[in-house]
Amino acid sequence: MRLQKQNPALQSPYFSPQFTQIVAAARDDVEVAVMRQGEEIVAVFPFERSRWNFAGPVGSFISDYHGMICAPNFTFDPRDLLRSCDVVAWDFNHIPASQAAFVPFHREQHRSPIIDLSAGYDAYVKERRAAGTEQIKKNGNLMRRLEREVGPLRFVAHSPDKAILKTLMAWKTDHFRRNRWRDLFSIPWVRQTMEGIHDAQTPDFAGVLSVLYAGDQLVAAHFGMRSATVWHYWFPTYDHALSKYSPGVILLLKMAEAAPNMGIKTIDLGCGEHSYKWRLMNGFVPTASGSVELTGPVTLARRVWTPVSKLPFKARCLISKTPIGALARRIRDGK
């Protein structure tokens, strides 16, 4: 917690120790490397270990931020770090670009859009209007229409009701299936992690289940998590029978309006190319994806197989019969 508070780039709840602890309670592959100078802890590196001593972020595909938890000026060699952890590679997909030690290992750069509320909600609305976006005005009109046609709106910043959390996961599951996407909430460790975060309620880390009602009808819900100053936008959903009112965006704006009174300075909209995020954002966090690898037969095999996997089937079959191709295939299949 001390290291996170010292570094402005690590204010996301993903860097809070509670997030790692909750995921570790749901999975058995979470490890934490601790670096010391004398008796003082100067850096913490959480990761998940997989077969062949590959590693990835804590939380796997539900992790939007990861990296070294340390002071801003802390220097280290990522390859030495991997050797110390007995890891041959660490893959990352949303590391803060400010972590200079990992820059040589970047493959792609990204932007995580944010809503900066450090000057307050009213200042944010004025800034968005001055920037030319009509998103907030349009959603104001939709909000009034929703109230007229369905019922008066009621916003709840956080609900401890587990039944609402179950409804949110059921709505999201329906959304995943209709779009033929992976159903995250059918995975036991993901559900356990969500429930653990929902139960966590401290000033520095908490699950936040926000709800929007029209009359007595639940129209939208969002589940995310917060640190002391950053609210991470994570799993929004809504009643699709009311989609013409854009209830999900209405809920997001209600969250933004409430955030400053909760001590929140930033709503991080997370990864994902959604047009409403880019219309509502007034800043972004530079991130990067890539991999730190040690030289060896296992990582060489993986490097070989990555471009091979994009070749036609017959070519893949021929290469897979070579020793390096066979090893790469076994690594891919986790055998």
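We're numbering straight along the sequence, starting at 1. What you see is a predicted model, and the numbers here were worked out from it, not measured in a lab.
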Inset, instruction - Evaluate the side chain to side chain contact (heavy atoms under 4.5 Å, CB included) criterion for residues I264 and R226: first the C-alpha distance (whole Å), next the side-chain angles of each, then the deciding distance (0.1 Å), finally the verdict. - result: CA-CA 8 Å; I264 298 295; R226 59 161 293 178; 3.7 Å; yes
Legend entry - Contact check, side chains of E293 and V88, non-hydrogen atoms, under 4.5 Å: no
Inset, instruction - Indicate yes or no: does E40 engage R36 in a salt bridge with an N to O separation below 4.0 Å. - result: no
Legend entry - Derivation of the side chain to side chain contact (heavy atoms under 4.5 Å, CB included) call for R129 and K126: CA-CA 5 Å; R129 286 175 178 166; K126 290 178 181 177; 5.7 Å; no
Legend entry - Salt bridge flag under 4.0 Å for residues R177 and D183: yes
Legend entry - More than 12 heavy atoms of other groups within 6.0 Å of K265 NZ: no
Inset, instruction - Group every Ile, Leu, Val, Met, Phe, Trp and Tyr by side-chain heavy-atom contacts under 4.5 Å, then state whether V58 and I197 land in the same group. - result: yes
Inset, instruction - Establish, yes or no, whether a centroid distance under 6.0 Å links the rings of H66 and Y14. - result: no
Legend entry - Polar side-chain atom of S243 near backbone of D239 as donor-acceptor pair, under 3.5 Å: no
Inset, instruction - Check the pair Y124, I115 against side chain to side chain contact (heavy atoms under 4.5 Å, CB included), reporting the backbone distance first and the verdict last. - result: CA-CA 8 Å; Y124 160 72; I115 296 177; 3.6 Å; yes
Inset, instruction - Compare every heavy atom of Q201 with every heavy atom of G207, then report the nearest pair and how far apart it is. - result: O-NE2, 2.8 Å
Legend entry - Donor + acceptor pair across side chains of N53, R49 (<3.5 Å): yes
Inset, instruction - To the nearest 0.5 Å, tell me how far S60 OG sits from R27 CZ. - result: 5.0 Å
Inset, instruction - Verify the cluster assignment for F235 and I114: are they in a single hydrophobic cluster under the rule of side-chain heavy atoms below 4.5 Å apart? - result: yes
Inset, instruction - Give the minimum heavy-atom separation between R107 and S291, together with the two atoms involved. - result: NH2-CB, 3.5 Å
Inset, instruction - Take atom NZ of K166 as the centre, draw a 6.0 Å sphere, and report whether it contains more than 12 heavy atoms from other residues, nucleotides or ligands. - result: no
Legend entry - Interatomic spacing from CZ in F15 to CZ in F205 - rounded to 0.5 Å: 13.0 Å
Inset, instruction - May I ask you to test the Y121-L253 pair for a side-chain heavy-atom distance under 4.5 Å? - result: yes
Inset, instruction - Classify the side-chain pair D204/T202 by whether it contains a donor and acceptor separated by less than 3.5 Å. - result: no
Legend entry - Passing option when N141 is tested against R145, K138, R144, K137 for side chain to side chain donor-acceptor pair (under 3.5 Å): R144
Legend entry - Approximate separation, where rounding is to 0.5 Å, of T287 OG1 and N93 CG: 8.5 Å
Legend entry - Side chain proximity check, R128 to V125, heavy atoms < 4.5 angstrom: no
Legend entry - Interatomic distance, F74 atom CZ to M35 atom CE [nearest 0.5 angstrom]: 4.0 Å
Inset, instruction - Determine whether more than 12 heavy atoms belonging to other residues, nucleotides or ligands lie under 6.0 Å from atom CG of D216. - result: no
Inset, instruction - Decide side-chain hydrogen bond (donor to acceptor under 3.5 Å, both in side chains) for Q4 and S16; before the verdict, give the C-alpha distance in whole Å, the side-chain angles of both, and the deciding distance to 0.1 Å. - result: CA-CA 7 Å; Q4 182 190 18; S16 300; 3.3 Å; yes
Inset, instruction - Assess whether side chain to side chain contact (heavy atoms under 4.5 Å, CB included) is satisfied between K254 and R154, documenting all intermediate values. - result: CA-CA 10 Å; K254 290 286 188 182; R154 179 167 61 92; over 6 Å; no
Legend entry - Close side-chain approach of E149 to Y245, heavy-atom, < 4.5 Å: yes
Legend entry - Nearest heavy atoms of S159 and V156, plus distance in Å: N-CG1, 4.2 Å
Legend entry - Electrostatic pair R79:D77 at N-O distance under 4.0 angstrom: no
Inset, instruction - Verify whether the ring centers belonging to F61 and W181 lie closer than 6.0 Å. - result: no
Legend entry - Close side-chain approach of T193 to W189, heavy-atom, < 4.5 Å: yes
Legend entry - Under 3.5 Å side-chain donor-acceptor pair for H110 and S289: yes
Legend entry - W90/F45 aromatic ring centres below 6.0 Å: yes
Inset, instruction - Please list, chain by chain and in numerical order, all residues satisfying salt bridge (charged side-chain N to carboxylate O under 4.0 Å, His left out) with D91, sequence neighbours excluded. - result: R302
Inset, instruction - Taking side chain to side chain donor-acceptor pair (under 3.5 Å) as the test, write out the residues that go with S112, two or more places apart. - result: Y65, D268
Legend entry - Identified ring-ring contact (aromatic ring centres under 6.0 Å, His included) counterpart of H222 within the set W234, Y233, Y238: Y233
Inset, instruction - Answer yes when R178 and D174 have at least one side-chain N-carboxylate O distance shorter than 4.0 Å, and no when they do not. - result: yes
Legend entry - Main-chain N/O of Q11 paired with S227 side-chain donor or acceptor, under 3.5 Å: yes
Inset, instruction - Could you list the residues that satisfy side chain to side chain donor-acceptor pair (under 3.5 Å) with R182, not counting sequence neighbours? - result: none
Legend entry - Considering all heavy atoms, the nearest L184-V190 contact: O-CB, 3.5 Å
Legend entry - Gap separating the CD atom of Q99 from the CZ atom of F105, nearest 0.5 angstrom: 13.0 Å
Legend entry - Heavy-atom pair of closest approach, residues A259 and L117: CB-CD1, 3.7 Å
Legend entry - E127 side-chain N/O to N282 backbone N/O, donor-acceptor pair under 3.5 Å: no
Inset, instruction - First locate atom CH2 of W171, then atom NE2 of H240, and finally report the distance between them rounded to the nearest 0.5 Å. - result: 8.5 Å
Legend entry - Heavy-atom closest pair, residues P13 and V230: CD-O, 3.8 Å
